[in-house]
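Each chain gets a letter, A, B and so on, in the order its sequence line appears, and its residues count up from 1. As the structure is a prediction and not an experimental result, all values here were calculated from the model.
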There are 2 protein chains.
Amino acid sequence: MAEERAVGTPVLRRLNTAAVLRAVRDCAPEPVRLAELVRLTGLTRPTVGQAVDGLVEAGWLQQHDPAAASPQGGRPAVRVSLRGRAAPVLGLDVGPHTVSAGIDDLAAHRLAAVRLPVGRTGAGRLLGVVDEAVGRALAEAGLGADEIAAVVVATPGIVDPASGRILLAPSVPGWTSVNLSEHLRGRFGCPVQVENDANLAALAVAGERSGAGTLLAVQWGERLGAGVVIGGRLHRGTGSAGEIGFIRPPGDVPDTGDGRGPLERAIGAEAITERARRAARDRPGTALQAGGLDAAAVFAAAAAGDEAAVRVVDEVAASFAQAIAPAVLVLAPDAVVIGGGVARAGSVLLTAITRHLGRLTLTPPVVEFSGLAEDTVLTGALRLALDEVWGRLPV
Amino acid sequence: MAEERAVGTPVLRRLNTAAVLRAVRDCAPEPVRLAELVRLTGLTRPTVGQAVDGLVEAGWLQQHDPAAASPQGGRPAVRVSLRGRAAPVLGLDVGPHTVSAGIDDLAAHRLAAVRLPVGRTGAGRLLGVVDEAVGRALAEAGLGADEIAAVVVATPGIVDPASGRILLAPSVPGWTSVNLSEHLRGRFGCPVQVENDANLAALAVAGERSGAGTLLAVQWGERLGAGVVIGGRLHRGTGSAGEIGFIRPPGDVPDTGDGRGPLERAIGAEAITERARRAARDRPGTALQAGGLDAAAVFAAAAAGDEAAVRVVDEVAASFAQAIAPAVLVLAPDAVVIGGGVARAGSVLLTAITRHLGRLTLTPPVVEFSGLAEDTVLTGALRLALDEVWGRLPV
DNA sequence: CCTGGTATTTCAAGGACTTTAACAAACCCT
DNA sequence: AGGGTTTGTTAAAGTCCTTGAAATACCAGG
């Protein structure tokens with residue numbers, strides 16, 4: 001019986017210092033006057049003073065010289081801000097082709113960013129690249145492994161939320177037999193969390209949109225995945241939440257045996273190209289005849305008004321909308337945000353999806369592309385790591 | 001900027017009394033010894049003593065005579081329990097055919113239960129029946145409207161979570177123009193919440209299964225709705241979450257113009273009967289030929305091994321599984337629980353759904369029928385009302 | 001009928017934290 | 001140099017929880 005035991009006056013001090021620290025964060029990166037903290041937290045000056053003293057002592061905050069900038073007439077204010085390099089967190093994005101590592105400090109300032117290609121695919125080799133990336137990132141930030149306050153690793157596949165073991169990862173052969181979580185836990189003395197990459201991308205997207213509602217963030221490239229964020233928190237379900245790639249579209253698609261799901265085979269980037277090729281065969285004289293055809297070219301042709309291309313894009317949009325409509329009806333998300341390679345498709349795809357989804361749902365969500373660049377997943381990993389640190393604030 | 005301001009020692013007293021009250025609730029309906037509360041909460045005896053004194057004074061707890069039952073040798077213990085008739089809550093289930101009202105006390109003890117039929121359909125008439133039901137329930141419990149601590153109303157249709165206005169209710173003509181929330185707020189001096197009936201049924205089902213995971217609770221009768229409960233809390237999304245009746249199954253179904261959704265028209269109770277009739281036409285000599293055919297008869301015939309009936313049930317199960325599979329993939333719920341009229345179908349339907357869902361999803365949820373009786377929705381409404389009261393515990 | 005044992009409650013002293021309120025410091029302007 | 005203003009510092013008071021000892025009430029057994 002985990003009773004909520006809240007006792008003793010010390011807990012008050014903890015609550016108040018936490019409130020002060022949060023208030024300082026919300027003002028980041030600007031230093032805050034102590035009097036301002038009093039106003040923000042609603043606490044009294046002595047209380048804030050004691051809390052700040054404790055936080056400075058513990059290394060969470062740094063005091064600024066009163067020399068710089070004091071436009072107000074009166075005694076120069078003591079100003080504090082989050083200490084740079086305090087509680088740095090490590091984020092990792094392990095993919096089949098590249099491994100990225102990044103280090104943020106408490107104020108979400110990027111201290112290091114590394115990106116390494118993976119030569120031959122293979123689980124053992126991959127683990128070596130991960131170690132290499134971690135080492136370089138630590139060196140770039142000038143930090144030791146023992147100084148890292150939290151680690152979050154993004155990986156493709158399905159992750160068991162409890163143990164951190166990878167249960168299913170078709171895109172990386174042998175990856176399920178590697179205990180990534182265990183490996184990293186041995187190197188770091190802090191909590192290590194393994195999480196699905198689409199989930200972390202969703203978290204990054206949710207961070208961009210300040211709204212706290214329900215968000216379905218889709219990663220759409222060769223493969224197709226999604227993450228669900230509800231009220232700023234990741235929804236995991238039994239662990240495999242968001243695996244939209246395995247939705248079965250109406251006209252079934254033959255299994256290619258490469259572990260991809262039906263919807264990925266139907267409207268993944270590769271399938272879009274294939275659809276365009278077929279359309280070009282049936283209808284000569286379209287812009288889709290060009291030699292080096294890829295998904296981007298299809299979208300470009302559609303944007304230019306090529307009729308065959310427009311039809312292909314509309315088909316793809318319709319399939320996507322039909323596939324996720326049941327999920328949209330059940331979840332009623334505020335927005336569906338699309339990232340990944342297809343996110344560069346432009347408004348042709350977007351308006352088509354919006355139109356179809358409007359027809360298939362009761363309260364159609366906003367559909368938009370993610371504005372985030374290639375390091376979306378890494379950003380999400382760092383964000384979750386920072387959330388973790390903020391969750392178990394100071395001691 | 002809603003900063004989390006946690007200050008002053010008085011908040012400690014509040015926190016601790018709340019912890020004590022929760023501990024007492026968890027032991028309900030048995031009275032609790034004070035020493036037991038000390039063990040449960042981790043607080044010290046004087047603290048618990050003061051908290052209990054305060055709660056008794058405020059009318060939340062009642063002391064029991066030490067006379068009754070003290071098997072232990074030693075000074076007879078003071079025992080307390082939730083005061084009956086403290087903070088009673090009112091639940092309402094407003095449907096097109098019946099209106100139910102119930103009153104629970106703090107310990108979830110049913111003080112009153114009323115069930116009234118609605119003669120002619122019509123929004124104005126319905127409001128009158130609601131008032132009548134409320135009045136009778138209050139009289140049965142011997143309470144005044146001003147003593148009610150929270151009200152939750154279940155209604156079909158889509159409810160705006162913020163205002164409590166009914167946005168869409170095809171089954172009750174004119175219902176959207178009635179401001180039910182406003183009407184009841186005028187009568188009661190406490191928070192009034194309007195909520196979709198399937199959502200409240202989901203909450204009731206979640207209460208039965210102690211698990212705190214993710215739950216998709218389906219109400220399946222003439223109509224088809226669902227509620228999503230995540231971690232014991234209702235998921236509302238933009239307001240229309242769980243409207244699975246509007247999922248579009250592959251072979252589209254002609255609109256009947258009565259406001260029902262495509263899936264309802266395809267596999268609702270009426271559609272099941274219709275499917276059986278068609279099957280009987282095509283294949284004479286089946287048990288489905290009987291005159292008064294309804295969904296229950298179809299399931300009974302299937303359970304008895306009638307081949308045509310088995311085929312119909314399998315079709316229905318397949319349609320259902322295909323329809324919700326995308327939502328199951330996105331949500332990854334621990335369980336899908338089916339309530340409503342179809343829940344009396346027996347294991348034929350259940351195993352068929354489980355089989356199809358296992359084929360269509362990655363981590364198939366448990367599929368089972370709800371064990372709750374007809375007042376599921378009312379139970380859920382009362383549960384939400386109690387949650388509301390427990391959320392804003394004592395003053 | 002009295003005594004020891006047990007479980008519980010009551011009481012008083014001590015410690016931790018916040019608040020209030022008065023005082024001191026540092027800067028600007030005239 | 002002196003008033004005005006903003007900010008930081010300090011001491012006393014109040015509230016709450018905790019610790020530890022004493023008191024209470026009942027049972028069992030001699």
Side-chain angles (χ1 to χ4, degrees), chain A residues 3-21 23-24 27 31-57 61 63-80 394-395, chain B residues 3-21 23-24 27 31-57 61 63-80 394-395:
Chain A
E3 261 309 316
E4 195 174 319
R5 48 186 63 189
V7 291
T9 43
V11 44
L12 271 189
R13 194 175 50 107
R14 270 217 359 235
L15 255 53
N16 286 336
T17 51
V20 168
L21 191 49
V24 175
C27 297
V32 203
R33 295 178 300 120
L34 229 63
E36 185 68 11
L37 286 177
V38 170
R39 200 181 60 77
L40 284 172
T41 58
L43 301 168
T44 58
R45 256 161 302 198
T47 306
V48 173
Q50 282 188 11
V52 166
D53 287 350
L55 287 168
V56 169
E57 188 127 358
L61 296 182
Q63 288 206 7
H64 286 246
D65 277 344
S70 68
Q72 250 118 334
R75 175 169 176 168
V78 171
R79 292 174 316 152
V80 294
V395 183
Chain B
E3 261 310 316
E4 196 173 319
R5 48 187 63 189
V7 292
T9 43
V11 27
L12 272 188
R13 195 174 49 107
R14 268 211 7 228
L15 255 53
N16 286 334
T17 50
V20 168
L21 191 49
V24 174
C27 297
V32 204
R33 296 178 299 120
L34 230 62
E36 186 68 11
L37 287 177
V38 170
R39 199 182 62 76
L40 285 172
T41 58
L43 301 168
T44 58
R45 261 161 303 200
T47 306
V48 173
Q50 281 188 10
V52 166
D53 286 351
L55 287 168
V56 168
E57 187 126 359
L61 296 182
Q63 287 206 9
H64 286 244
D65 277 343
S70 70
Q72 250 117 333
R75 176 168 174 167
V78 171
R79 293 172 317 154
V80 295
V395 185

Inset, instruction - May I ask you to test the Leu40(B)-Cys27(B) pair for a side-chain heavy-atom distance under 4.5 Å? - result: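 Yes, close enough: below the 4.5 Å cut-off.
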Figure out the [atom1]/[atom2] separation between [X] and [N], and round it to whole Å.
X	N	atom1	atom2	answer
Asp53(B)	dC11(C)	CG	P	11 Å
Arg33(A)	dC27(C)	CZ	P	16 Å
Leu34(A)	dA25(C)	CG	P	19 Å

Inset, instruction - Return yes if some donor-acceptor pair links the side-chain N/O of Thr17(B) with the main-chain N/O of Arg13(B) below 3.5 Å, else return no. - result: yes
Inset, instruction - Spell out, as yes or no, whether a donor-acceptor pair under 3.5 Å connects the side chain of Thr41(B) to the backbone of Leu37(B). - result: yes
Output side-chain donor-acceptor pairs under 3.5 Å for residues 49-57 of chain A, partner residues at least two apart or in another chain, one line each.
none

Inset, instruction - Report, as a single string ordered 5' to 3', how protein heavy atoms within less than 4.0 Å touch nucleotides 17-24 of chain C: B base, S sugar-phosphate only, - not at all. - result: SSBB---B
Legend entry - Counterpart residues, side chain to side chain donor-acceptor pair (under 3.5 Å), relative to Thr9(A) (two or more places apart):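 For Thr9(A), no residue satisfies side chain to side chain donor-acceptor pair (under 3.5 Å) once neighbours in sequence are set aside.
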